[in-house]
Amino acid sequence: MAFTVPAPRVPLDGPLAQWYERELGWAVSAGPPVQLLTGLRFDVLELPATAGSALLKRYERTGPVALVGHRMRLLVAAGSADELPGLLDWLEWGGVGLDLTAVGAGGRITAPLPPGWAGSRGAAVWLRPPEPGCEVEARLPSFTGFTQCGGAGEKGASQGPETLPGGRAAGLSLVRLVAAAATECHRARLFHAKSPGGAGNAGTQPFCFS
């Protein structure tokens, strides 16, 4: 009787792919560049970096956030990308050119360099990196807004995150995040429309992070 021995799994090339697989358990696609598969463990909200910078100043904890060029990417719960169009309609932002998009099932994003890793100028980097050892999904903005690893309060709030049964804390909900992101995208759009050069400079204005 013959036995068929399964072919060994071919490891993805490069330490970057291996870091994501080993440290976070995330699915990756070999590069170059190495890419993270979305829709499995997380989805991604993408918006202009100028709008994202203003958003991060309002919220101390949003879940992991990456920057690539002049685009910011915020990790959110898997399935959120499918909800974005309806959520924007419900928030009365439907039909407005916000430059706020989402990447979900079947998508991928360039893998940012982990903290402390050197890379070329313009490479994708983490502004708020994922934390190995704490299940990332538990911290992502979602409709439930619950997290196992800490709350996500807005700066200047008079109270801290609400403690829920089992020691959980109420985190930043997807609704609040999308509402704030839409507002900042709209403000950035109006600002760039009024600035010299008009909308053509929308993706090249300077920005800073605190």
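Quantities reported herein were computed from a predicted structural model and do not represent experimental measurements.
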Is the closest side-chain heavy-atom distance between [X] and [Y] below 4.5 Å?
X	Y	result
Leu16	Pro114	yes
Leu36	Phe42	yes
Val44	Ser80	no
Leu74	Leu47	yes
Cys185	Pro48	yes
Asp99	Arg71	yes
Leu87	Trp93	no
Val76	Val178	no

For side chain to side chain contact (heavy atoms under 4.5 Å, CB included), just list the numbers for Val96 and Leu88, CA-CA rounded to whole Å, side-chain angles, deciding distance to a tenth of an Å, and then say yes or no.
CA-CA 9 Å; Val96 180; Leu88 288 174; over 6 Å; no

Between [atom1] on residue [X] and [atom2] on residue [Y], distance to nearest 0.5 Å:
X	Y	atom1	atom2	result
Thr38	Leu40	OG1	CG	7.5 Å
Thr50	Arg187	OG1	CZ	12.5 Å
Glu184	Arg58	CD	CZ	5.5 Å
Leu45	Met72	CG	CE	12.0 Å

Kindly say whether [Y] contributes a backbone atom to a donor-acceptor pair with the side chain of [X] at under 3.5 angstrom?
X	Y	result
Ser173	Arg176	yes
Arg128	Leu56	yes
Ser53	Ala49	no

Tell me the closest heavy-atom pair linking [X] and [Y], and the distance in Å.
X	Y	value
Ala102	Leu84	CB-CD2, 3.6 Å
Thr110	Arg73	N-NH1, 3.7 Å
Leu37	Ser29	CD2-CB, 4.0 Å
Asp43	Ala105	OD1-N, 4.3 Å
Trp126	Val65	CE3-O, 3.3 Å
Gly122	Val68	O-CG2, 4.3 Å

Pair Leu177, Leu55 - check side chain to side chain contact (heavy atoms under 4.5 Å, CB included), show working.
CA-CA 9 Å; Leu177 178 64; Leu55 179 65; 3.8 Å; yes

Please indicate whether Trp117 has more than 12 foreign heavy atoms, meaning atoms of other residues, nucleotides or ligands, lying under 6.0 Å from its CH2.
yes

Is the Trp26 ring parallel, tilted or perpendicular to the Tyr20 ring (thresholds 30°, 60°)?
parallel

